[in-house]
Amino acid sequence: MHTETDDDLVKRIASGDRLAMKVLFSRHQVHVYRFALRLVRDETMAEDVISDVFMDLWRQAGRFEARSSVSTWLLAITRNKAYSLLRKRREAGLDDGFAETIEDEADDPEIVLQKQDKGLAIRACLGKLTVEHREVIDLVYYHESSVEEAARIVGIPESTVKTRLFHARKKLGELLKSAGIDRGWP
Amino acid sequence: MTDTIANDPQRVAIEELLPFYANGRISAPDKVRVEKALADDPELVTRLEIIREDMAETALLNESLGAPSPRVLDRLMTQIEAEPQQTTLLMRARGGFLTWLGQLLAAQPPRRLAYASAAALALIAIQGAALTGFVLRGGGGGFQTASTSGAQASERYVLLSFKPEARAGDIAAFFKRYDAAVVDGPRANGYFKVRVGDASLTPAQVDAIAARMKNEGEIIGFVAPAP
């Protein structure tokens, strides 16, 4: 069965094909949205981000050089848009480290632990990581990025991806430990 | 517990590869290195188990975030419609030519620029004539989203194309099997917009229907959920 590749769709988008745009959007909207939502932690803001991302894709499709996958390209644009939006909010005094300080809807890890659900406790702790740690965890653990792709998306060297991920994992372990779950490391 | 890995640079290097070993995005040589190390290092195995546990929970957390509302695509397509016309193929092609021409002119000595100006004027005249023809032919391209077409917003759709060799009888049977109906098409490249149910279907159910349709490789060329 022939399924058009993302690269083919981008070529069609570059020539003004709206249908190709819809197909590519349908294919990637959920991952892009979830990545944005984990960064900005606000559904309306995340939807604004993905609108901007795909609008950029529409305008810049002709410049796509296929040196990275379309998915990596989209996530990199998403990250830039999300950070830019967060920065604007901070500069406008609308929040003070909004994405950092906002509480997750999940219970505190301690409360979750009392409910005897280790998985929920881990998810609660994932929500308490800093935005830099969250993004690298999400990219590698959920979006299945390679070290090269994560480096391209975040805009840091590959070695930094590895060390940042290490520190994110370590922090996650510390948060769990302080919630009463000791997995032997750290 | 003492972290013995931290004191051994070779083990640290392997440890940092574990997340990529777990997500399957590791080079073949690194995979061999990791597997060799895991075979005699129980501490690394424990780290890998932790990573896999966190990976599963990260996936669950992300899956719980849902999907964007259909409004996003509507808004996007409205924005695209409002974009200047240079985003169309015809205008892009001309833009490329103009860029080339501009670079060519910039490289010419002043004496030749008089001829170049004449060429540019001629190009503008051609462009104007072609544009007029384009508009008169209605080539601007219209777009209507599901939500702007009234009653259709309460339905769920997929976009699909049939294999050229699919027979009419097979296609008819396909629509009967899925209780589906064409609501639009064929569009560019032979795509059809097909209704697969009403608004009670969740996006996951539409995904599942699309996946089942995708398996009908003898009839279906392409299929994806559509807004």
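To find a chain, count down the sequence lines: A is the first, B the second, and so on, and within it residues start at 1.
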Any chance the side chains of A/Thr72 and A/Arg152 put a donor and an acceptor closer than 3.5 Å?
no
We want to know whether A/His167 and A/His133 form a side-chain donor-acceptor pair, criterion being a heavy-atom distance below 3.5 angstrom.
no
With a 4.5 angstrom heavy-atom cut-off, which part of [X] approaches chain A: side chain, backbone, both or neither?
X: B/Glu218; answer: neither
X: B/Arg47; answer: side chain
X: B/Glu49; answer: neither

Taking every non-hydrogen pair under 4.5 Å, which of [options] racks up the most with chain A?
options: B/Thr46, B/Ile51, B/Ile26, B/Leu60; answer: B/Ile51
options: B/Val12, B/Asn23, B/Asn62; answer: B/Asn62
options: B/Asp54, B/Ile5, B/Leu17; answer: B/Asp54
options: B/Ala67, B/Pro68, B/Ser69, B/Gly66; answer: B/Pro68

Taking the inter-plane angle between the rings of A/Phe166 and A/Trp185 on a 0 to 90° scale, is it parallel (under 30°), tilted (30 to 60°) or perpendicular (over 60°)?
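A/Phe166 vs A/Trp185 ring planes: tilted.
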Salt bridge or not for A/Asp6 and A/Arg27, using N-O below 4.0 Å?
yes
Do the side chains of B/Glu15 and A/Arg169 get close enough for a salt bridge, i.e. N-O under 4.0 angstrom?
yes
Side chain, backbone, both or neither of [X] within contact of chain B (heavy atoms, under 4.5 Å):
X: A/Asp52; result: neither
X: A/Arg34; result: both
X: A/Val161; result: side chain
X: A/Glu149; result: side chain
X: A/Thr163; result: both
X: A/Tyr141; result: both

When rounded to the nearest 0.5 angstrom, what is the spacing between CG in A/Leu9 and NZ in A/Lys11?
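Interatomic distance, A/Leu9 CG to A/Lys11 NZ, rounded to 0.5 Å: 10.5 Å.
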If we only count heavy atoms from C-beta on, is the B/Leu61 to A/Arg38 side-chain gap below 4.5 Å?
yes
With side chains defined as the heavy atoms from C-beta onward, is the minimum distance between B/Asp3 and B/Glu43 less than 4.5 Å?
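With C-beta onward as the side chain, the pair touches.
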Report the option among A/Glu144, A/Met55, A/His143 that has the most heavy-atom pairs separated by less than 4.5 Å from atoms of chain B.
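Option with the top pair count is A/Met55.
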Please rank A/Ala46, A/Ser145, A/Gly173 by heavy-atom pairs under 4.5 Å with chain B and give me the top one.
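Among the listed options, the one with the most contacts to chain B is A/Ser145.
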May I ask you to check if A/Arg79 and A/Tyr83 form a cation-pi contact, with NZ or CZ under 6.0 angstrom from the six-membered ring centre and within 45° of the axis?
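That pair qualifies as a cation-pi contact.
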Before giving the answer on side-chain contact (heavy atoms from CB on, under 4.5 Å), spell out for B/Tyr178 and B/Arg195 the whole-Å C-alpha distance, their side-chain angles and the decisive distance to 0.1 Å.
CA-CA 10 Å; B/Tyr178 289 93; B/Arg195 188 189 66 79; over 6 Å; no
